[in-house]
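Here's the structure we're looking at; comments come further down.
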Amino acid sequence: MPELPEVETIARQLAPLVSGQQVRRLEIVDAKLASNGLKLLSKCRIRQVMRLGKQIVFELAGRKGRPLWLAVHLRMSGRLLWVPDAHRGSAEQRYVRARIVLDRGALVLDDPRRFAVLTVSRSSDDIAPAGLDPLCGELTSRRLAGLLGGSPQPLKLWLLRQDRLSGIGNIYASEILFAACLHPRRAAGSLSADEAARLHRAVRHVLRKAIAHCGTTFSDFLDARGREGGFGRFLKVYGRGGQPCLSCGTLIEREVQGGRSTYFCPGCQR
DNA sequence: ACCCTCCTGTCA
DNA sequence: TGACAGGAGGGT
């Protein structure tokens with residue numbers, strides 16, 4: 001479910017809410033999530049909250065000031081809710097898989113499909129994604145062109161690769177390619193410098209705008225406060241198969257690539 | 001690039 | 001009942 005903008009939204013919301021608080025205890029409801037490392041979290045203090053790829057990452061201070069990292073990957077259906085002590089037990093907590101109890105409330109992992117993953121590590125290298133962050137300063141148009149390299153992969157599948165750019169998922173891959181006027185089946189390595197520049201602009205523009213609107217709630221994304229994202233009304237192609245393109249009127253097509261839906265406008269994207 | 005798997009829920 | 005769902009890892 002959550003892609004870069006949704007994860008960024010949650011991380012930004014949580015940072016001021018939980019920074020400085022100590023981990024009182026951990027309640028692992030779903031045994032699947034248990035791991036040795038989780039014990040290390042007890043009594044650690046949260047220093048910072050950030051996003052790495054599609055993960056929400058907590059930087060903590062352990063005993064003797066040793067840093068410790070907790071990464072939460074929500075995968076398809078996970079939510080990470082901040083529930084202050086004042087109001088526990090709300091409607092959006094039907095599938096609680098874990099609780100990280102802090103001084104003044106709890107971080108609640110709610111996840112019907114149980115795909116979410118918790119990772120604890122002593123080094124940030126273990127949780128850092130291999131790919132470049134699409135919004136970081138290093139990603140210039142030239143750098144993107146270099147990454148696209150001689151890849152024969154279709155653009156849509158290339159954008160989903162987390163070892164190239166980290167954070168783009170199924171909704172934004174389609175939206176970005178529409179914004180760049182590029183066909184999802186174009187070979188990644190076949191782009192001209194001009195087309196790579198268009199893709200670069202689209203990646204940054206779409207993701208930034210989605211963050212500004214707190215992400216997309218297509219069916220069930222909720223942010224850390226349990227609210228929906230506002231980017232849904234700006235979606236141009238995702239989920240709009242059979243409907244007219246907002247820019248040229250051609251009917252939006254749905255196609256399956258790598259087992260997942262791709263939406264695009266055959267009129268605008270070539 | 002394809003298929004399946006991990007899970008559970010929702011919708012046609 | 002079957003298709004599909006925002007992710008990712010495995011194996012052909």
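Each chain gets a letter, A, B and so on, in the order its sequence line appears, and its residues count up from 1.
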With a 4.0 Å cutoff (strictly under), does any side-chain N or O of [X] reach OP1 or OP2 of [N]?
X: A:His73; N: C:dA8; value: yes
X: A:Ser261; N: C:dA5; value: yes
X: A:Gln162; N: C:dA8; value: yes

Check whether any side-chain heavy atom of [X] sits under 4.5 Å from a side-chain heavy atom of [Y], and report yes or no.
X: A:Val237; Y: A:Glu175; answer: yes
X: A:Val18; Y: A:Phe58; answer: yes
X: A:Leu132; Y: A:Arg143; answer: yes
X: A:Leu135; Y: A:Leu4; answer: yes
X: A:Gln269; Y: A:Leu177; answer: yes
X: A:Val101; Y: A:Gln21; answer: no

At the 4.0 Å heavy-atom cut-off to chain A, mark where contacts on DNA chain B begin and end, going 5' to 3'. B:dA1 to B:dG9
Regarding C:dA5, can its base be found pairing with the side chain of A:Arg260 as donor and acceptor, where the two atoms are less than 3.5 Å apart? no
When you compare C:dA8 with B:dG9, how far apart are their P atoms, in angstrom units rounded to a whole number? 22 Å
For the P atoms, the ones on C:dA5 and on B:dC2, what distance do you get once it is rounded to whole angstrom? 15 Å
Got a list of protein N/O to nucleotides 9-12 of chain C N/O distances below 3.5 Å?
none

Paired with B:dC3 by Watson-Crick or G-U wobble geometry, both distances under 3.5 Å: which nucleotide is it? C:dG10
Ring of A:Phe115 versus six-membered ring of C:dA8: centres under 5.5 Å and planes under 30°? no
Exceeds 12 heavy-atom contacts within 6.0 angstrom, atom NZ of A:Lys43: no
When all nucleic acid strands are considered with a 4.0 Å heavy-atom cut-off, which category describes A:Asp111: base, sugar-phosphate, or nothing? nothing
Between A:Phe218 and A:Tyr238, how do the two ring planes meet: parallel, tilted or perpendicular, split at 30° and 60°? perpendicular
Could you tell me whether A:Arg185 and A:Glu255 have a side-chain N and a carboxylate O separated by less than 4.0 Å? yes
